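The structure appears right after this line, and notes come after that.
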Amino acid sequence: QNYRVFRGTTSSNLSQVATVAQPAYTDTSGFSATKCYYAVQAVDTGGNLSPMSATVSATTPFSVKDFGALGNVVQSIGSLTGTALNCPTCTFTAADVGKPALVFGAGASGVPQANTIASFVNGTNVQLQTGAVNNVSSIEIQYGTDDHAAFVNCGIAAKNGTCYVPGGRYLTNSVITANYSADVRFVGDSGNTSTITSFNSSSVNYMFQDFNGTATFENLGFDGNTIIMGSTVLYGSTAFSNASGLLIDRCRFDRFSFAGVALGGMSNVSIMHSLFQSYGSLQGQAIYIGLYGQNMEIAYNSFRYLSAGIIAAGGGNGASPTDVIDNLNIHDNQADGGWWSAVPTYTGSGPSVSYTSTKLADTHATLDHIVNNATVRVMKSISSGTATGISGTQLTDADANFTGQSIPVRVGDVIRTNAMFGIVTGADNATAVQVEEWLSDTTRLPMAAGSPGAYTIYRWVLGQMSPRGFTTTSITVPRWYDYYGIVSTPAAGTRYEVVGNATGNYAFLNLNPSTRNVQVVNNSVRRSWADSISTYGVEDQIVGNTVRDGQDEGITVNGSNHIVSNNHISHQGTSGIFISASNSTFTGNESAEETWVNPTNSYQADFTLFGAVGSVVQGNIGSSTGAVLSDRYCIVLISDSSSVPTINNTVTANTCSGHVVQEVKSYTIGSGVVTPNNVQ
């Protein structure tokens, strides 16, 4: 019928604390760092009791709140003019004077500004210690008590044990160091509820560092607010070999300017079931692996809207054996570069905007600080109306004909409605369209579905800026093209968006030359800004990955002695697989509808061999339906330099179909060498 649960501080003095129907019980009584004893009895439907079970013991962890942590950071929306901070939804009190504060956009170049509450005015207004560099309104603000000391002391007390972090938003405005040789666990309630953040970019490069023993982080959130380098960096303070292990499980990492997890000298690392993301801003990267990294498993994680996912840097070319990053197992992760969702730096539309086949001009613009290879996204309207319903991720319009209109709605189109932005995953029928999720049209942060209202559906027309190809009022591109690589000059007045100050990098993985023996298996990658999976190392296995909708290469393989097999690549900006490796094997891979974003590249192929020597390309499939007009070749062997020849490769038994020009092509540029090769 049920179970009676008994507890006591000794095994001989137990009292009943609960009756539960299920054979499980969680004790949330609040005892901290206390050894308790437990036993249970079963009760049947007649009220008969079983004998008492054997007694077992458990020691509850220390809590950061035992050491004074409050976890009281307020996150809200406000305005800062000079030193006057207004927050309509805040409840300031005199006790808030002296607390650290953070105001987004108020610093130099629009970065978040770290500040201090200097005086109390009333419940919604305070004065800050330092005036804004930029006055801002309707912007994110945060303020709260610094809990740094509590985390340090809890970590010391919990040596070889656990420091519990209850739900709350905790501020740590100095680095949390624990450079003693011991194991420690920091465990929260969940990555969404137990969050650690920092406001002070000048003295905090990381939140946690210098663990010499084994460290564990579970069910925690880390929010870098885009101002600090990383959240957790684990290494010995005097010798890299001091750090013996790390587990990160079910954690969440947001808004880091460098890395969510930066690893130096770590071995025996597991990073599992965690989320790394930076919606809208594409700031930072997920995981950085430095010198000596060995024996790591990175699995079942999600990487979203980042500049880069995993970077394994090592010691570079010619690194000594001790510098090499060795034996990484990277599997079953999901990565979304999110370049369609990046917040634009510049936008414009209307009478001041005009286009030629290679140029955007906006007489009202002030275009500056644009990096090379910036992307210009022009939003061509293909449908509009008034939604009769918005439910979850579905928008309906009873009067629409999404599938039968002159330009049917399809995957990759975008909807703007009621300050919301959504990327179309497909038209369910003539009157219903699905989006991936609803994002704020201004911040590109996730938001709840709004009420029905006017909407417009757009199709991207894209241009990648020519090197230094901008003036104050214009941007030059090689040409404009849509999702399927069809050249299309936008009409005058059409809205444009420029991601002008930053572009993403490797959405998922980049292995530098000093890496070896990396298994990259069963990962799903989409919407990369640059190469989705890239290796310059040796003896890697890249197997069973799915890569789609990228701006550059799907998989780039340099180095030597790799096995690349059974990967599925589609809709990349240049090649599906770019092969510049020696003595490597490529089998069973599928590549389709490539070179959509970069129709001016020199190869335009599913599989490109460029400077490859002695590799085997066999039993692969390359196909094109003709939808991407620049998908010209299935396989290209190319060289543009005598010092980087493409020779002694075996390219046989591949299946190719439907390409615009021909299936297999060999050619040279300049002093390039492309012979001998066995091509059948």
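Values reported hereafter were calculated over all heavy atoms of this structure, with side chains retained and with hydrogens, waters and symmetry mates removed. These numbers come from a predicted model, not from an experiment.
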>> Applying side chain to side chain contact (heavy atoms under 4.5 Å, CB included) to D147 and L70, what does each step give before you reach the verdict?
In response: CA-CA 7 Å; D147 292 325; L70 297 177; 4.1 Å; yes
> Can you say whether the rings of F303 and F276 are parallel (under 30°), tilted (30 to 60°) or perpendicular (over 60°)?
Replying inline: parallel
> Can you say whether the rings of Y300 and H331 are parallel (under 30°), tilted (30 to 60°) or perpendicular (over 60°)?
Replying inline: perpendicular
Going by atom types only, do [X] and [Y] share a side-chain donor-acceptor pair under 3.5 Å?
X: H568; Y: E590; value: yes
X: N295; Y: E297; value: no
X: R185; Y: T162; value: yes

Looking only at atom types and distance, does a side-chain atom of [X] sit under 3.5 Å from a main-chain N or O of [Y], one as donor and one as acceptor?
X: D66; Y: V64; answer: no
X: T646; Y: G611; answer: yes
X: S194; Y: D189; answer: yes
X: S623; Y: A592; answer: no
X: T34; Y: S32; answer: yes
X: D540; Y: V518; answer: yes
X: N301; Y: L275; answer: no
X: D146; Y: H148; answer: yes
X: W529; Y: G338; answer: no
X: N333; Y: N523; answer: no

>> I'd like to know whether I228 forms a side chain to side chain contact (heavy atoms under 4.5 Å, CB included) with M207, so could you lay out the CA-CA distance, the side-chain angles of the two residues, the decisive distance to 0.1 Å, and finally the verdict.
In response: CA-CA 9 Å; I228 67 172; M207 293 182 181; 3.8 Å; yes
Check whether any side-chain heavy atom of [X] sits under 4.5 Å from a side-chain heavy atom of [Y], and report yes or no.
X: I227; Y: L102; value: yes
X: L246; Y: F217; value: yes
X: T515; Y: L328; value: no
X: S615; Y: L609; value: no
X: V617; Y: N654; value: yes
X: L306; Y: Q285; value: no

>> Can you confirm whether more than 12 heavy atoms, excluding those of Q334, are under 6.0 Å from its CD atom?
In response: no
> Between I423 and V435, does a side chain to side chain contact (heavy atoms under 4.5 Å, CB included) hold up when you go through it step by step?
Replying inline: CA-CA 5 Å; I423 300 172; V435 298; 5.9 Å; no
> Under the side-chain contact (heavy atoms from CB on, under 4.5 Å) test, which residues partner Q75, sequence neighbours left out?
Replying inline: E140, Q142, R169, D223, R255
> Looking at N589, N567, T587, which hits side chain to side chain donor-acceptor pair (under 3.5 Å) with N620?
Replying inline: N589
>> Suppose we screen for salt bridge (Lys or Arg N to Asp or Glu O under 4.0 Å). Which residues come up paired with D336, at least two apart in sequence or across chains?
In response: R526, R527
>> Evaluate F508 against V547 for side chain to side chain contact (heavy atoms under 4.5 Å, CB included), listing each step before the verdict.
In response: CA-CA 10 Å; F508 181 53; V547 181; over 6 Å; no
> Quick one: are the ring centres of Y25 and Y38 less than 6.0 Å apart?
Replying inline: no
> Is the distance between the ring centroids of F151 and Y170 less than 6.0 Å?
Replying inline: yes
